[in-house]
Visitor: 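For reference, the structure I am asking about is given below.
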Amino acid sequence: MKTETDVQNLTRQAVQGAGGVAWRNNRGVAFREDGTPVRFGLANDSPNLDAVFKTGDLVGISPYGVFCMWECKPPGWIYKNTAREKAQRAAIKFVRNMGGRAGFITQPQQAVDIMQGVGSGEPCG
């Protein structure tokens, strides 16, 4: 496992193996031929919201119906408090405050632990 993509792919398998489900949450903006922006992905309604709130790479449901969200990072990643990480952290905290489970992960087992309510992922407070 070397990349964030590896973490995502292996995490989806691990979550499924533990009885849950994880879907890829592609986020971004594309432009139609006339230049009109088309935003996609969860909670990506506007550039202003996107600047402060970025939902995770994977979203899913635990075997008990609890909403889960994981922000995948490559192995060895360290939280640096960048604007992007702060916006990701804001989404993680929101999900947790609403009764869901969410966190930063660098390995698939962390996602399973978060889904099962026995782990919180990388630093989030």
Side-chain angles (χ1 to χ4, degrees):
M1 188 168 49
K2 296 181 181 180
T3 68
E4 182 175 319
T5 300
D6 293 335
V7 173
Q8 288 176 21
N9 292 335
L10 293 171
T11 294
R12 292 176 72 185
Q13 293 172 1
V15 166
Q16 182 177 352
V21 64
W23 296 291
R24 179 77 175 100
N25 178 34
N26 291 309
R27 302 180 76 252
V29 61
F31 294 89
R32 295 179 11 183
E33 288 182 20
D34 67 0
T36 303
V38 178
R39 302 187 75 78
F40 54 91
L42 295 176
N44 189 18
D45 301 350
S46 71
N48 289 340
L49 179 59
D50 183 59
V52 297
F53 192 89
K54 295 183 184 301
T55 54
D57 296 309
L58 300 173
V59 296
I61 304 171
S62 79
Y64 304 103
V66 177
F67 179 82
C68 300
M69 183 183 77
W70 305 274
E71 176 57 41
C72 301
K73 299 296 185 185
W77 169 81
I78 297 171
Y79 187 86
K80 296 177 184 74
N81 209 32
T82 65
R84 180 175 193 79
E85 289 170 338
K86 287 178 186 178
Q88 293 166 337
R89 185 177 187 208
I92 290 168
K93 284 185 170 186
F94 178 81
V95 169
R96 290 178 180 177
N97 288 339
M98 296 298 288
R101 297 179 180 156
F104 290 103
I105 64 165
T106 59
Q107 56 183 333
Q109 186 59 47
Q110 289 174 305
V112 173
D113 291 347
I114 288 167
M115 179 182 73
Q116 294 174 338
V118 296
S120 63
E122 294 293 331
C124 201

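By convention here, the first residue in the shown sequence is residue 1. For clarity, every value in this text was computed on a predicted model and none was experimentally measured.
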Visitor: Would you confirm whether Asp50, through its side chain, and Asn44, through its main-chain N or O, come within 3.5 Å as a donor-acceptor pair?
Guide: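 The answer is no, because no donor-acceptor pair under 3.5 Å joins these two groups.
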Visitor: With a 4.5 Å limit on heavy-atom distance, are the side chains of Cys72 and Ile105 in contact?
Guide: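 Yes. Closest side-chain heavy atoms under 4.5 Å.
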Visitor: Find out whether Trp70 and Asn25 are in side-chain contact, i.e. whether some heavy atom of one side chain is under 4.5 Å from a heavy atom of the other.
Guide: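 They are not in side-chain contact.
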Visitor: Among residues two or more places apart or on two chains, list those pairs meeting salt bridge (Lys or Arg N to Asp or Glu O under 4.0 Å) that have a residue in residues 77-87.
Guide: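 For residues 77-87, and leaving out neighbouring residues, there are no salt bridge (Lys or Arg N to Asp or Glu O under 4.0 Å) pairs at all.
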Visitor: If I take atom CZ from residue Arg12 and atom CG from residue Leu58, how far apart are they, to the nearest 0.5 angstrom?
Guide: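 Here the rounded value is 6.5 Å.
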Visitor: Applying the 4.5 Å side-chain criterion to the ILVMFWY set and letting contacts propagate, would Val15 and Leu10 be lumped into a single cluster?
Guide: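 Both belong to a single hydrophobic cluster.
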Visitor: With a 4.5 Å heavy-atom cut-off, do Phe104 and Arg89 have their side chains touching?
Guide: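 Touching, per the 4.5 Å side-chain cut-off.
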Visitor: Does Gln109 have more than 12 heavy atoms from other residues, nucleotides or ligands lying within 6.0 Å of its CD?
Guide: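 Yes - once you tally the heavy atoms of other residues, nucleotides and ligands closer than 6.0 Å, there are more than 12.
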Visitor: Heavy-atom distance under 4.5 Å between the side chains of Met98 and Phe67, does that happen here?
Guide: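 SC-SC contact between Met98 and Phe67 ruled out.
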Visitor: Could you tell me the separation between the CZ atom of Phe31 and the OG1 atom of Thr36, rounded to the nearest 0.5 Å?
Guide: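 Here the interatomic distance stands at 9.5 Å.
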Visitor: Would you check if the side chain of Arg24 reaches a backbone N or O of Asp57 as a donor-acceptor pair within less than 3.5 Å?
Guide: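 Yes, because the side chain of Arg24 sits within donor-acceptor range (under 3.5 Å) of the backbone of Asp57.
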Visitor: When you compare the side chains of Asn48 and Ser46, does any donor N or O come within less than 3.5 Å of an acceptor on the partner?
Guide: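 The answer is no; no qualifying pair exists.
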Visitor: According to a hydrophobic-cluster definition based on side-chain heavy atoms being under 4.5 Å apart (Ile, Leu, Val, Met, Phe, Trp, Tyr only), do Val29 and Leu49 belong together?
Guide: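 Looking at the clustering, Leu49 is in a separate group from Val29.
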Visitor: Is a side-chain donor or acceptor of Arg101 paired with a backbone partner of Met115 at a separation under 3.5 angstrom?
Guide: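 Yes, because the side chain of Arg101 sits within donor-acceptor range (under 3.5 Å) of the backbone of Met115.
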Visitor: Quick check: does any side chain N or O of Asp113 sit under 3.5 Å from a backbone N or O of Gln110, one acting as donor and the other as acceptor?
Guide: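 Not a single qualifying donor-acceptor pair exists.
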Visitor: Within the supplied structure, the quantity of interest is the number of heavy atoms (other residues, nucleotides, ligands) at a distance under 6.0 Å from Tyr64 OH; does it exceed 12?
Guide: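 No - once you tally the heavy atoms of other residues, nucleotides and ligands closer than 6.0 Å, there are 12 at most.
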Visitor: Is the shortest heavy-atom distance from the side chain of Ile92 to the side chain of Met69 under 4.5 Å?
Guide: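 Side chain of Ile92 against side chain of Met69, heavy atoms only: contact under 4.5 Å found.
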Visitor: Looking at every non-hydrogen atom in both residues, tell me the closest pair between Val59 and Leu42 and how far apart they are.
Guide: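 Looks like CG1-CD1, 3.7 Å.
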Visitor: Looking only at non-hydrogen atoms, find the nearest pair between Val7 and Pro75 and report the distance.
Guide: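 Nearest heavy atoms, Val7 then Pro75: CG2-CD, 3.8 Å.
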Visitor: On a heavy-atom basis, which atom in Phe40 and which in Ala30 lie closest, and how many Å separate them?
Guide: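 Closest pair (atom of Phe40, atom of Ala30, distance): CE2-N, 3.8 Å.
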Visitor: I'd like to know if the side chain of Thr11 and the backbone of Ala111 have a donor-acceptor N/O pair within less than 3.5 Å.
Guide: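 Checked: no pair found.
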Visitor: So which atom in Ala18 and which in Val112 form the shortest heavy-atom distance, rounded to 0.1 Å?
Guide: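 Heavy atoms only, the tightest pair is CB-CG1, 3.8 Å.
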Visitor: Scan residues 68-79 for pairs that pass salt bridge (Lys or Arg N to Asp or Glu O under 4.0 Å), counting only residues two or more places apart or in two chains.
Guide: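 Those involving residues 68-79 are Glu71-Lys73.
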